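Have a look at the structure below before the remarks.
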Amino acid sequence: MPEKPTLDGLEDRWARVWEDEGTYAFDRTATREQVYSVDTPPPTVSGSLHVGHVFSYTHTDIVARFQRMRGKHVFYPMGWDDNGLPTERRVQNFYGVRCEPSLPYDPDFTPPEKPGKQQVPISRKNFVELCETLTAEDEKAFEELWRRNGLSVDWSHGYQTIDARARAISQRAFLRNVERGQAYVSMAPTLWDVTFRTAVAQAELEDREHTGAWHRVAYHGADSSGHDADVFIETTRPELIPACVALIAHPDDERYQPLFGTTVRSPLFDVEVPVLAHPAAEMDRGAGIAMCCTFGDLTDVQWWRELDLPNRTVINRDGRLLRETPDWITSELGRQRYEELAGATVHTAKERIVAMLTETGELVGDVRPVTRPVKFFEKGDKPLEIVSSRQWYIRNGGRDATVRDEMIARGQELQWHPGYMRHRYEDWVRGLNGDWLVSRQRFFGVPVPVWYRLDADGEVLPDEVLTPSDDTLPVDPSTDLPPGFTADQRDVPGGFTGDRDILDTWATSSLTPQIAGLWSIDDDLFSRVFPMDLRPQGHDIIRTWLFSTVLRSHLEHDSLPWAHTALSGWILDPDRKKMSKSKGNVVTPMDLLVEFGSDAVRYWAASGRPGVDTAFDRGQMKVGRRLAMKLLNASKFILGVGVPAGEPDLTAVTMPLDRALLARLTEVVEKATTALDGYDYAVALEATEQFFWFFCDDYLELVKSRAYGEFDEAGRDSARATLAAALRVLQRLFAPVLPFVAEEVWSWWQEGSVHCAPWPDIHELATSAEADPQVLEVASDVIGSIRRAKSEQKLSIRTEVESLSVQAAPAALEALRAALADVRAAGRVRDVELVVSADGELVTTVGAPTG
RNA sequence: GGGCGCGUAGCUCAGCGGAAGAGCAACGGCCUUACAAGCCGUCGGUCGCAGGUUCGAAUCCUGCCGCGCCCA
């Protein structure tokens with residue numbers, strides 16, 4: 001035990017010991033029942049860790065430490081998410097390269113010293129290698145931070161979402177979905193981001209207010225008597241007029257009923273289109289009759305499907321109009337006009353069309369600005385287009401009521417902390433409107449592990465999907481060969497071609513329990529950890545990560561991936577805004593850990609209720625530091641008084657005050673245990689902390705003299721045994737939240753790590769005789785009154801008190817009498833008078849303190 | 001527009017059907033042989049607003065107002 005205890009240096013010292021001793025090593029001989037397994041969220045390594053990470057990962061660590069102390073073998077791995085756009089961009093910028101899957105692997109490739117102006121195209125395999133090199137550095141920094149933060153992770157069970165095992169597991173799970181018909185390939189209208197040139201899934205969409213304008217445009221028809229009659233529609237996207245396939249109004253709309261079944265000709269291009277009825281047309285929107293184009297929005301897709309309309313796509317995947325004039329435009333004038341638009345961006349095409357319409361007089365009245373919600377890719381900055389493309393999907397219940405019901409049932413089976421978060425899941429499942437699009441037209445990621453046969457003309461035969469044999473996974477179809485084919489058959493008529501797409505990052509992240517547990521690679525390990533116990537995560541990714549993980553597990557294992565999920569809140573800055581880099585209010589976590597000490601920062605994290613957004617509060621960290629310091633000092637004091645070694649002997653606890661103390665502590669143990677069992681670390685900490693300050697300020701002061709041996713031997717031994725027993729319990733109760741200081745003070749007098757010591761049991765403080773809690777209450781009350789009297793008279797706490805009179809009910813006086821020697825010693829009281837009061841009220845009169 | 005959550009002391013938050021709480025801050029004190037990075041004490045609230053249920057409401061119900069998140 002050091003002369004002057006300090007918090008400085010505890011992190012380095014104990015982190016090293018824990019690593020050397022293997023304190024948190026997972027015992028893989030443990031059976032599933034003995035294991036507590038955590039599906040740790042793999043942080044994105046290309047970003048930087050912020051305070052929010054420290055906050056939520058600390059919550060998980062507290063639970064893991066608690067479970068370990070309860071005797072579980074904790075499987076607590078750490079993964080790194082380096083699969084996806086953020087890493088792709090970072091590798092591109094850092095090395096000045098770009099991924100080009102058609103290129104062959106170059107084993108001797110070294111990136112340029114400094115990234116040049118032109119990005120060097122390299123094969124996917126080379127790109128993945130660079131990613132692994134670059135992220136290795138990031139991961140080292142992350143690991144250092146996590147170790148300093150005190151996460152009790154077993155670092156030998158790590159993974160990266162782009163490493164070979166993760167790729168193999170991701171591809172294997174996907175191929176098994178294909179085999180069972182749960183994944184399928186389909187040519188369909190797809191939401192498309194023209195900047196990233198990739199398809200986008202429902203989970204990646206967001207609506208943004210976008211400024212547009214209503215254009216009133218004339219289509220040309222004939223009235224019942226055959227005379228020319230114009231039909232006016234209103235559109236915000238006049239550039240889609242060449243893609244128009246029908247005009248559509250509501251079946252009940254009397255204005256347009258005469259037109260249903262007739263045809264009209266489009267302005268400028270003179271293409272004949274039918275006028276049709278469909279209930280999705282909104283009577284009070286615009287003119288009440290809409291132009292259906294392939295495809296302007298999702299309603300167009302619905303009409304196209306349900307009314308069996310032709311596909312007249314004019315917008316390319318680069319966001320420009322087709323360079324070839326479409327064959328459905330037949331009039332000479334129409335084809336001339338289209339040529340002026342060919343290859344133009346959507347924006348330019350709109351300007352030109354509006355100019356043409358103005359010239360021909362087919363644009364009527366003023367253009368009226370309107371702001372309306374438009375779908376965007378969450379990472380993009382241009383509105384999404386809808387294009388037809390071949391894509392892979394996984395059935396998720398979006399088009400299948402049975403699967404949807406099963407997914408809702410899984411959500412009900414899962415235990416949510418806090419419980420109300422389940423609503424978000426159910427809302428999402430109920431709102432799904434299509435299957436999960438998992439193929440992405442990006443270059444970096446887990447390749448879609450299939451090839452396609454080519455026909456005699458070299459065209460893809462999408463129904464003839466070639467799959468790899470399981471033992472060759474992971475594969476990259478752009479360089480590996482399908483079984484039974486040779487390299488010279490690649491991309492030639494009658495041969496094959498590899499799928500160039502990659503899987504959505506969530507298609508891999510949805511398998512983190514399988515990746516961490518090494519499903520299909522080490523099935524023995526997997527059987528010991530799966531289904532897992534806990535998925536901790538942010539509530540913002542319930543619809544993506546949580547949902548997709550439940551789905552994959554449901555499809556592959558017919559079970560939940562984990563029994564519990566704990567949703568953590570966000571960190572808000574003092575202005576109640578979510579902390580973000582752009583606001584410049586991000587604090588580096590390492591700086592905080594250094595400034596306050598890891599235990600103090602963890603204390604702040606633990607004071608945030610599960611699922612509740614929490615203010616970033618340096619004040620709480622100061623309080624945490626004080627608490628850690630207090631635990632050092634109180635431990636030092638108690639051990640300095642001299643407590644018996646080994647297991648505390650509770651038969652020595654004979655004084656009523658001591659028994660009452662242990663009884664109260666037992667209640668705290670019970671409360672903390674129940675709270676932690678329910679994932680409420682905040683309540684557990686609060687109960688422990690509140691008791692601890694009371695223990696230090698009142699109980700320690702009361703028994704100090706007796707513990708020093710100033711009275712009789714029995715009283716001294718009772719106090720010392722109580723102090724030892726209470727300290728042993730308190731150090732363990734604090735261990736999950738304050739692992740460093742708890743380990744430090746434990747090491748002063750106990751064997752082994754406090755983190756492997758058994759969690760306090762409610763029976764371990766039971767004394768031979770029943771405790772009277774009133775003894776502690778009254779003694780505490782009276783000593784408080786004495787302090788108040790001294791404080792009000794601005795006297796030293798050491799001032800002697802001439803006389804003390806206590807009026808109270810007989811039972812209270814009896815209780816006080818049991819602790820009177822302690823009270824007198826602590827208050828420095830000479831004479832005491834106990835008076836039975838008429839009303840039972842406790843009244844303490846402190847007479848004449850003398851300086 | 002829908003779902004969910006939140007409005008309690010100057011600040012951060014507990015309490016969620018039986019006399020309004022904690023910590024921080026503020027203020028006044030105390031060198032007290034574990035701790036002055038400590039300790040003791042004091043001040044401080046129409047529990048967002050309006051109704052309702054109840055013997056009793058911060059707590060349950062309804063409606064408003066405000067804030068946040070998720071989804072349209």
Side-chain angles (χ1 to χ4, degrees), chain A residues 1-8 202-203 205-209 298 372-375 416 418-433 538-544 546-547 567 569-570 572 574-578 596-597 600 603-604 607-641 680 682-683 685-687 689-690 693-698 700-701 704-705 707-708 723 727 745 783-799 826-828 849 851:
Chain A
M1 187 169 75
E3 185 68 23
K4 188 117 181 107
T6 172
L7 298 174
D8 299 331
Q202 187 183 351
L205 298 181
E206 61 185 39
D207 281 8
R208 290 185 206 156
E209 289 299 321
L298 291 172
R372 70 211 193 290
V374 170
K375 296 212 181 305
W416 300 75
Y420 59 77
M421 291 291 183
R422 174 184 287 120
H423 292 288
R424 301 231 180 142
Y425 173 90
E426 291 191 356
D427 288 351
W428 172 248
V429 176
R430 294 210 166 90
L432 285 170
N433 54 29
H539 55 67
D540 51 329
I541 50 176
I542 288 173
R543 65 185 176 136
T544 48
L546 190 142
F547 170 75
L567 288 311
W570 277 329
L572 307 175
D575 298 332
R576 313 297 308 161
K577 296 277 187 283
K578 187 187 172 187
F596 294 100
Y603 169 88
W604 159 74
S607 61
R609 256 68 189 168
V612 177
D613 294 346
T614 300
F616 175 73
D617 188 354
R618 302 173 77 88
Q620 277 296 96
M621 297 180 200
K622 277 189 202 157
V623 174
R625 188 170 176 88
R626 258 183 28 181
L627 175 65
M629 202 67 208
K630 193 79 174 177
L631 186 57
L632 279 181
N633 282 314
S635 298
K636 177 190 156 201
F637 169 64
I638 291 170
L639 298 180
V641 165
D680 198 339
V683 163
L685 171 61
E686 189 185 37
E689 186 191 7
Q690 200 201 350
W693 286 107
F694 162 80
F695 172 78
C696 289
D697 297 341
D698 283 12
L700 280 185
E701 295 302 328
K704 214 178 242 185
S705 303
Y708 280 136
L723 290 172
L727 187 65
V745 295
I783 196 73
S785 302
I786 297 169
R787 283 177 189 149
R788 191 175 309 116
K790 290 177 181 174
S791 183
E792 276 164 1
Q793 295 176 53
K794 305 189 178 179
L795 292 169
S796 160
I797 213 81
R798 287 171 64 193
T799 311
R828 298 191 167 239

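What you see is a predicted model, and the numbers here were worked out from it, not measured in a lab. Chain identifiers are assigned alphabetically (A, B, ...) following the order of the sequence lines, protein sequences preceding nucleic acid strands; residue numbering begins at 1 within each chain.
Taking 4.0 Å as the cut-off between side-chain N and carboxylate O, A/Glu689 and A/Lys630 do not count as a salt-bridged pair.
Applying the 3.5 Å distance criterion, the base of B/rG28 shares a donor-acceptor pair with the side chain of A/Ser791.
The distance from atom NZ of A/Lys622 to atom P of B/rC24 is 11 Å, rounded to the nearest whole Å. Taking atom CG of A/Leu432 as the reference point, atom P of B/rG3 lies 19 Å away to the nearest angstrom. What separates CE of A/Met629 from P of B/rC39 is a distance of 11 Å, to the nearest Å. A/Arg788 places its CZ atom 15 Å from the C1' atom of B/rG28, with the value rounded to the nearest Å. Atom CG in A/Leu700 sits roughly 12 Å away from atom P in B/rC40 (whole-Å rounding). B/rC13 atom P lies 9 Å from atom CG of A/Asp613, rounded to whole Å. Distance NE2 (A/His539) to C1' (B/rC69): 6 Å, rounded to an integer number of Å. The CZ atom of A/Arg424 sits 13 Å away from the P atom of B/rA72 (whole-angstrom rounding).
When both distances must be under 3.5 Å, the Watson-Crick or G-U wobble mate of B/rG28 is B/rC40. A 3.5 Å limit on both hydrogen-bonding distances identifies B/rG68 as the Watson-Crick or G-U partner of B/rC4. B/rG51 is paired with B/rC61 under the criterion used here, namely a Watson-Crick or G-U wobble arrangement in which both key atom distances are under 3.5 Å.
Between B/rC35, B/rC39, B/rC4, one nucleotide has an atom nearer to the side chain of A/Asp697 than all others, and that is B/rC39. For A/Asp617, whose side chain is taken as the heavy atoms from C-beta onward, the closest listed nucleotide among B/rA34, B/rC30, B/rU12 is B/rU12. Considering only side-chain atoms of A/Glu686, the nucleotide from B/rA14, B/rC39, B/rC71 that sits closest is B/rA14. Side-chain proximity of A/Arg543 to the nucleotides B/rC4, B/rA34, B/rC70 is greatest for B/rC70. Closest to the side chain of A/Arg787, from the set B/rU33, B/rC40, B/rC69, is B/rC40. Distance from the side chain of A/Trp570 is smallest for B/rC69 among the nucleotides B/rC69, B/rC24, B/rU33.
Note on A/Arg609: only backbone sugar-phosphate atoms sit closer than 4.0 angstrom, heavy atoms only; bases stay farther off. Within 4.0 Å of A/Lys636, counting heavy atoms only, lie sugar-phosphate atoms of the nucleic acid but no base atom. Counting any heavy atom pair closer than 4.0 Å across all strands shown, A/Trp693 reaches sugar-phosphate atoms only and no base atom. In this structure, A/Tyr708 reaches the sugar-phosphate backbone alone: every heavy-atom distance under 4.0 Å involves primed, P, OP1 or OP2 atoms, never a base. Among the heavy atoms of the strands lying under 4.0 Å from A/Glu701 is at least one base atom, whether or not backbone atoms are also near. Contacts of A/Arg626 with the nucleic acid, taken as non-hydrogen atoms under 4.0 Å apart, involve only primed sugar atoms and P, OP1 or OP2. Residue-level contact check: A/Leu639 touches neither bases nor backbone, having no heavy atom under 4.0 Å from any strand.
Between A/Lys704 and A/Ser607, it is A/Ser607 whose nearest contact on RNA chain B lies nearer the 5' terminus. Both A/Lys375 and A/Val612 sit near RNA chain B, but only A/Val612 has its closest nucleotide nearer the 5' end.
The two residues A/Arg828 and A/Thr799 have their closest heavy-atom pair at CB-O, 3.8 Å. Contact detail for A/Asp680 and A/Pro610: the closest heavy-atom pair is OD1-CD, 3.7 Å. The shortest non-hydrogen separation linking A/Ile783 to A/Gly827 is CD1-N, 3.6 Å. The minimum heavy-atom distance between A/Ala628 and A/Leu7, with the atom names listed, is CB-CD2, 3.8 Å.
Contact annotation: A/Lys630 reaches the phosphate of B/rC39 (side-chain N/O to OP1 or OP2, under 4.0 Å).
Taking the P atoms as reference points, B/rA58 lies 40 Å from B/rA72, given to the whole Å. Taking atom C1' on both B/rU62 and B/rC69, the two are 25 Å apart, rounded to the nearest angstrom. Taking atom C1' in both B/rU54 and B/rA22, the straight-line distance is 30 Å, to the nearest Å. B/rG17 and B/rC60 have their C1' atoms separated by 8 Å, with the value rounded to a whole Å. For B/rC43 and B/rA57, the P atoms lie 27 Å apart once the distance is rounded to whole Å. On the C1' atoms, B/rG66 is 26 Å away from B/rC24, given to the nearest whole Å. B/rU59 and B/rC6 have their P atoms separated by 13 Å, with the value rounded to a whole Å. On the P atoms, B/rG48 is 27 Å away from B/rA26, given to the nearest whole Å.
At least one donor-acceptor pair closer than 3.5 Å links the side chain of A/Arg625 to the backbone N or O of A/Phe596.
For A/Tyr425 and A/Trp416, the distance between ring centers is under 6.0 angstrom.
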